[in-house]
Amino acid sequence: MSATSFEKLSVPKDGELIQIDGPNLKVPNRVILPFIEGDGTGGDIWRASVRVFDAAVKVAYGGERSVVWWEVYAGEKANALYGGNVWLPEDTLKAIKLATVAIKGPLTTPVGGGIRSLNVGLRQELDLYACVRPVKWVPGVPSPVREPQKLDVVIFRENTEDVYAGIEWAQGSPEAVALIDYIGKNFGKKIRLDSGIGIKPISITGTERLVRKAINYAIKEGRKSVTLVHKGNIMKFTEGAFRDWGYALAIREFRDQIITEEELWANGGTMPAGKILIKDRIADSIFQQVLLRPDEYEVLCTPNLNGDYLSDACAAQIGGLGMAPGSNIADHIGVFEATHGTAPKYADKDVINPGSVILSGVMMFEYLGWKEAANVITKALATTIDQKRVTYDLERLLPGSTLLKCSEFGSAIIENMKK
């Protein structure tokens with residue numbers, strides 16, 4: 001099936017791999033998909049979610065399609081299996097490249113020292129340059145805002161550059177001392193000697209491929225606007241450049257399909273039929289806007305750090321990270337993931353909300369073109385929440401609800417599928 005060699009993995013023999021056909025994916029009916037269970041609560045969440053996925057495929061296709069799940073490793077399970085302080089094995093990267101599409105649970109990321117972020121490592125090693133996070137309210141989910149249904153955005157966050165590039169040196173290190181000295185002598189910029197140093201690269205290449213993907217998504221899905229989010233009033237040559245390069249790309253490659261906000265107001269403020277509005281907002285302003293005027297925004301396109309903050313802030317309006325799916329996408333490879341952390345204090349207690357991984361699976365099935373399976377999950381999840389049968393994070397906010405364990409929540413969703 002494949003000439004790729006692995007140290008500790010084997011490709012499942014009873015399924016087929018996705019093939020790449022130009023810009024498209026050729027997905028077999030019995031498709032092999034790698035999964036990373038995740039650390040902490042990852043085990044509980046995955047066991048509940050995979051039952052939902054398999055049930056949805058069976059309900060949607062009556063046995064004509066199925067998923068052959070292939071476990072690959074990152075985080076604590078990888079270190080236990082491979083040893084030698086290996087947390088993200090080369091095997092896992094090879095497997096995802098081979099299979100094209102994968103799904104993962106949360107992975108441990110220490111604050112401060114220790115291993116580097118495994119999520120960032122996956123994104124950089126596989127060049128998963130777009131973090132795509134749809135944020136849409138499921139009716140019945142408790143929300144801190146009065147009208148959560150007004151927020152329906154998809155955030156395209158650049159995934160490989162900005163401060164997440166990981167180019168930094170500790171205070172007092174030879175590299176930090178040398179860089180501070182170099183900047184002072186050559187550019188006349190004074191930096192305190194007791195500083196840690198980080199570098200924030202934002203490139204034309206990284207910006208253009210993200211903006212292109214966001215606009216193509218808006219065209220495909222019938223979205224009416226794409227907003228470039230930046231802090232260009234302060235960081236003029238990084239985030240300000242992100243804004244400028246984004247507009248330039250939109251005008252150069254999508255001239256017949258877009259209109260810029262400046263052009264709109266120059267022509268009386270009336271949107272031409274069938275056009276997508278390209279606009280921009282300062283980062284601190286958009287945090288206000290998604291609360292006060294959320295229905296004015298549909299696709300948000302942002303550098304890395306701004307997108308990290310913004311996607312979590314938006315998720316809070318629709319029930320929190322337990323109800324927030326996400327994905328990391330390259331030109332073809334897609335890794336779908338829970339957007340929350342590992343919550344180790346709840347590990348193996350069967351209490352955590354599996355909604356983030358379940359909804360990430362919805363995104364994954366849509367990416368595969370299996371929209372019927374995605375719709376089965378979406379409807380059954382909404383029905384379960386409408387019945388007020390929920391996990392503890394929602395139960396404590398939802399009067400009259402029935403508390404379910406993580407596994408029971410998965411079972412309730414499956415039960416509603418079969419109805």
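Heads up: numbering here begins at 1 and tracks the sequence. No experiment lies behind these values; they were computed from the predicted model shown.
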Can you measure from [atom1] ([X]) to [atom2] ([Y]) and round to the nearest 0.5 angstrom?
| X | Y | atom1 | atom2 | result |
| --- | --- | --- | --- | --- |
| T160 | R123 | OG1 | CZ | 10.5 Å |
| I180 | I191 | CD1 | CD1 | 5.5 Å |
| R243 | H230 | CZ | NE2 | 5.5 Å |
| S401 | Q387 | OG | CD | 12.5 Å |
| I215 | F254 | CD1 | CZ | 5.0 Å |
| D44 | I352 | CG | CD1 | 8.5 Å |

Around atom [atom1] of [X], are there more than 12 heavy atoms of other residues, nucleotides or ligands at under 6.0 Å?
| X | atom1 | value |
| --- | --- | --- |
| K213 | NZ | yes |
| R293 | CZ | no |
| K94 | NZ | yes |

Checklist entry - Among F53, F365, Y367, which residue meets the ring pair (Phe, Tyr, Trp, His ring centres under 6.0 Å) test with F336? => result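 Single ring pair (Phe, Tyr, Trp, His ring centres under 6.0 Å) partner of F336 among F53, F365, Y367: Y367.
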Next on the checklist: Would R157 and Y309 count as a cation-pi pair here, with the cationic atom under 6.0 angstrom from the ring centre and within 45° of the axis?
Outcome noted: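 No, cation not above the ring by the 6.0 Å, 45° rule.
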Item to check | Y392 six-ring face occupied by K405 cation (under 6.0 Å, within 45°) | outcome: no
For residues [X] and [Y], determine if any side-chain heavy atom of one lies less than 4.5 Å from a side-chain heavy atom of the other.
| X | Y | value |
| --- | --- | --- |
| V153 | V290 | no |
| K231 | P303 | no |
| I258 | I251 | yes |
| I385 | M323 | yes |

Next on the checklist: Please evaluate residues K97 and L126 with respect to the criterion side-chain contact (heavy atoms from CB on, under 4.5 Å), reporting the C-alpha separation (whole Å), side-chain torsions for both, the decisive distance (0.1 Å), and the verdict.
Outcome noted: CA-CA 8 Å; K97 288 177 183 177; L126 297 172; 3.6 Å; yes
Without swapping roles, check the side chain of [X] against the backbone of [Y] for a donor-acceptor pair under 3.5 Å.
| X | Y | result |
| --- | --- | --- |
| S143 | Q317 | yes |
| N159 | L128 | yes |
| T207 | S203 | yes |
| E261 | K279 | no |
| N416 | T383 | no |
| T92 | Y73 | yes |
| E158 | E161 | yes |
| D295 | K150 | no |
| N306 | T302 | no |
| D181 | V177 | no |

Is the distance between the ring centroids of [X] and [Y] less than 6.0 Å?
| X | Y | answer |
| --- | --- | --- |
| F237 | W245 | no |
| W46 | F35 | yes |
| W370 | Y61 | yes |

Checklist outcome for this item: side-chain contact (heavy atoms from CB on, under 4.5 Å) test vs I45 passes for just one of V357, I358, T342, namely V357
Checklist entry - Taking it one step at a time, do K136 and I318 satisfy side-chain contact (heavy atoms from CB on, under 4.5 Å)? => result CA-CA 7 Å; K136 183 177 181 179; I318 55 96; 6.0 Å; no
Checklist entry - Would E408 and R389 count as a salt bridge (charged side-chain N to carboxylate O under 4.0 Å, His left out) if you check the C-alpha gap in whole Å, the side-chain angles of each, and the deciding distance to 0.1 Å? => result CA-CA 9 Å; E408 292 171 336; R389 302 162 69 194; over 6 Å; no
Checklist entry - K224 and I276: side-chain contact (heavy atoms from CB on, under 4.5 Å), yes or no, with the steps? => result CA-CA 5 Å; K224 297 177 181 178; I276 294 171; over 6 Å; no
Item to check | Derivation of the salt bridge (charged side-chain N to carboxylate O under 4.0 Å, His left out) call for R223 and D152 | outcome: CA-CA 10 Å; R223 297 276 179 155; D152 182 5; 3.3 Å; yes
Item to check | Trace of the side-chain contact (heavy atoms from CB on, under 4.5 Å) decision for L305 with Y164 | outcome: CA-CA 7 Å; L305 186 60; Y164 271 64; 3.9 Å; yes
